[in-house]
Amino acid sequence: MTTCNRAAIWQASSAAAAAAWAPDKPSFAPNSGGILGGMRSLTREAPATPEHDLPPDGQAADSPVAWYRGNMVGVPTDILASTAFNQHPVALHIHGTRESQTTLFRHLASCQTQEEAAEVFQYGMAQQFGRDQADTDHPIPLRYHTSYLDLLRGWGFDANSPQGAVLKGWVESRFGLMPTFHKETLGRFPSPAWVTYLEEKVHSRFHNNAINFQLDTLFEYCQWSIRRFGEPGPSRIRLWRGTNNLEEQLVHGDPASHRCVMRFNNLVSFTASAERAEEFGDWLVEVTVPASKVLFHPGLLSEPLLNSENEYIVIGGNYTVRAWHGYL
């Protein structure tokens, strides 16, 4: 199919969807108490946050983990960040995203392979957010439009880059998880470290062009892809990470026993290769990540992003890990 024909079909489908679409009303069983009843049910059924997932007494003022945070995924942030969630995960959806992207996901539903879905997703995102090749020939220079692809490339180069700050800010906004590190440890607020992070996460160089909504759509596409094609996962994924500062991230347990709880940053990279992870630190940690916390995995896009390290980008928080010092 030519680019011209694909664009015409996409535009016609989008116009029809805009005319016919109406938001679905949430339905609840009789006597459920409506939305409030549904939230009470979620709260009753959700596991309690283990004590070792909370900051020690007297350190709350210095710990972003202890700050109040709301989110857009319908699971209390303390639970979302806990090891209990990782043991009993549920599907996560960012409120309103799928409802706003009905045309895109209608096209995705017809895809039979991951490769076909990646092409459709990237084409749809280019149509919506102005990353089409035609822009380069525009007679008047256009303002730079940030893309989710730019942020992923920047993250792959340096997670502490301005692009990384925008990604961490998105996690903070959507999942309620505060970052714990950006160039240096983010502790008591205010501080120079916090000022640097806050400036970079909202700087117009990378925070424009509805970038948070682009990332919302990327997350929903990733979750759809995992459920549709069963890769990776389908429910949990075994991953590795190398680190030199395990003690600074330790929450509970003794690494010498090869099992402990670590607090990762609100967005963190892992790899599917233990041998590759060993290259990045003296400590090698193995985690089991819920598929519902994955933002990016190898093969999700047709762009060759983060392929050299077989990298996964995952929503952080507390994780039970197996740890080894030195080589396996």
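Applying the 6.0 Å contact sphere to NE2 of His95 captures more than 12 heavy atoms from other residues, nucleotides or ligands.
Annotation for Pro89 and Pro290: closest pair CB-CB, 3.7 Å, computed over non-hydrogen atoms. Across every non-hydrogen atom of Arg205 and Asn208, the tightest pair is O-ND2, 3.4 Å. The two atoms that bring Leu151 and Thr146 nearest to each other are CD2-CG2, 4.2 Å, heavy atoms only. Of all non-hydrogen atoms in Pro232 and Ile237, the two that sit nearest each other are CG-CD1, 3.6 Å. When all heavy atoms of Ser161 and Gly154 are compared, the pair lying nearest together is OG-O, 3.5 Å. Closest non-hydrogen pair, Arg263 versus Ala81, comes out as NH1-CB, 3.6 Å.
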Q: Given side-chain contact (heavy atoms from CB on, under 4.5 Å), test Leu218 with Leu300 step by step and report yes or no.
A: CA-CA 10 Å; Leu218 174 65; Leu300 182 66; 4.1 Å; yes
(Q) Run the side-chain hydrogen bond (donor to acceptor under 3.5 Å, both in side chains) test on Glu115 and Ser302 for me, step by step, so that the C-alpha distance in whole Å, both residues' side-chain angles and the decisive distance to 0.1 Å come before the verdict. (A) CA-CA 7 Å; Glu115 293 76 15; Ser302 56; over 6 Å; no
Q: Quick one: do Phe121 and Trp224 satisfy ring pair (Phe, Tyr, Trp, His ring centres under 6.0 Å)? Show the steps, please.
A: CA-CA 11 Å; Phe121 175 78; Trp224 171 88; 9.3 Å; no
**Q.** Test salt bridge (Lys or Arg N to Asp or Glu O under 4.0 Å) applied to Glu172 and Arg69, step by step
**A.** CA-CA 8 Å; Glu172 178 186 340; Arg69 300 90 72 205; over 6 Å; no
Q | Test side-chain contact (heavy atoms from CB on, under 4.5 Å) applied to Tyr319 and Val261, step by step | A | CA-CA 6 Å; Tyr319 283 82; Val261 174; over 6 Å; no
Q: Output, in order, the C-alpha distance, side-chain angles, deciding distance and verdict of side-chain hydrogen bond (donor to acceptor under 3.5 Å, both in side chains) for Asn310 and Ser273.
A: CA-CA 7 Å; Asn310 206 12; Ser273 168; over 6 Å; no
Q. Hey, mind stepping through Thr102 and Arg98 against side-chain contact (heavy atoms from CB on, under 4.5 Å) and telling me if it holds?
A. CA-CA 6 Å; Thr102 53; Arg98 290 290 294 267; over 6 Å; no
**Q.** side-chain contact (heavy atoms from CB on, under 4.5 Å) assessment of Leu301 paired with Leu152
**A.** CA-CA 11 Å; Leu301 303 174; Leu152 293 177; 3.9 Å; yes
Q: Step by step, work out the side-chain hydrogen bond (donor to acceptor under 3.5 Å, both in side chains) result for His93 and Glu220.
A: CA-CA 7 Å; His93 295 282; Glu220 288 291 343; 3.1 Å; yes
Q: Given side-chain hydrogen bond (donor to acceptor under 3.5 Å, both in side chains), test Glu200 with His182 step by step and report yes or no.
A: CA-CA 10 Å; Glu200 291 190 352; His182 185 73; 2.8 Å; yes
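Residue Gln122 holds its CD atom at 9.5 Å from CE of Met125, rounded to the nearest 0.5 Å. If you take CG on Asn71 and OG1 on Thr77, they are separated by 4.0 Å, rounding to the nearest 0.5 Å. The line from CG of Asp216 to OG of Ser173 is 7.5 Å long, rounded to the nearest 0.5 Å. Separation of atoms CZ (Arg236) and CG (Asn86) is listed at 8.5 Å; rounding is to 0.5 Å. We find the CG-OH distance between Leu215 and Tyr221 to be 15.0 Å, quoted to the nearest 0.5 Å. Distance check: Gln101 CD to His107 NE2 gives 11.0 Å after rounding to the nearest 0.5 Å.
Follow the hydrophobic side-chain contacts under 4.5 Å out from Met178 and you reach Phe189 in the same cluster. No continuous path of ILVMFWY side-chain contacts below 4.5 Å connects Phe181 to Leu250, so the two sit in separate hydrophobic clusters.
A heavy-atom distance below 4.5 Å is found between the side chains of Cys222 and His297. Contact of the His325 side chain with the Asp282 side chain is registered, since non-hydrogen atoms from C-beta on lie closer than 4.5 Å. The shortest side-chain heavy-atom distance between Val73 and Ile94 falls under the 4.5 Å cut-off. In this structure, the side chains of Asn318 and Met262 stay at 4.5 Å or more apart for every pair of heavy atoms. Annotation: side chain of Leu186 is not in contact with side chain of Thr180 (no heavy-atom distance under 4.5 Å). Within the 4.5 Å cutoff, no side-chain heavy atoms of Arg238 are placed close to those of Val289. Side-chain contact between Phe85 and Lys293: present, with at least one pair of heavy atoms (C-beta onward) separated by less than 4.5 Å.
By the 30° and 60° cut-offs, the orientation of the rings of Trp194 relative to Tyr197 is perpendicular.
With hydrogens and angles ignored, the 3.5 Å screen pairs no side-chain donor or acceptor of Asn266 with any backbone N or O of Val171. Side-chain atoms of Gln214 come within 3.5 Å of backbone N or O of Tyr148 as a donor-acceptor pair. No side-chain donor-acceptor contact under 3.5 Å links Lys168 to the backbone of Asn265. Remark: side-chain polar atoms of Thr271 are paired, donor with acceptor, to backbone N or O of Glu309 under 3.5 angstrom. Between the side chain of Ser82 and the main chain of Ile79, a donor-acceptor pair closer than 3.5 Å is present. The backbone N or O of Cys111 sits less than 3.5 Å from a side-chain atom of Arg228, completing a donor-acceptor pair. Checking side-chain atoms of Thr196 against main-chain N and O of Pro192 turns up a donor-acceptor pair under 3.5 Å. Looking only at distances, no side-chain donor or acceptor of Glu286 sits under 3.5 Å from a matching main-chain atom of Leu284. Judged purely by atom type and a 3.5 angstrom limit, Asp158 uses its side chain to pair as donor or acceptor with the backbone of Asn160. A distance-only check finds no donor-acceptor pair linking the side chain of His145 to the backbone of Asn209 [under 3.5 Å].
Aromatic rings of Tyr312 and Phe296 (six-membered ring for Trp) have centroids beyond the 6.0 Å cut-off, not under it. Remark: aromatic rings of Phe213 and Trp170 are distant, center separation not under 6.0 Å.
Side-chain contact check for Ser225 and Gln114: at least one donor-acceptor pair (N or O, by modelled atom type) lies under 3.5 Å.
Here the options are Val321, Thr243, Val314, the test is side-chain contact (heavy atoms from CB on, under 4.5 Å), and the partner is Phe264; only Val321 passes. Screening Leu305, Leu167, Leu267 for a side-chain contact (heavy atoms from CB on, under 4.5 Å) with Ile313, the sole residue that qualifies is Leu267.
A salt bridge does not link Glu311 to Arg276: none of the charged nitrogens lies less than 4.0 Å from a carboxylate oxygen. Using a 4.0 Å cut-off between charged side-chain N and carboxylate O, Arg153 and Glu303 make a salt bridge. Residues Asp254 and Arg259 are not paired through a salt bridge, judged by the lack of any N-O separation under 4.0 Å between the basic side chain and the carboxylate.
Taking the ring centre of Phe280 as origin, the terminal cationic atom of Arg241 falls outside the region bounded by 6.0 Å and 45° from the ring axis.
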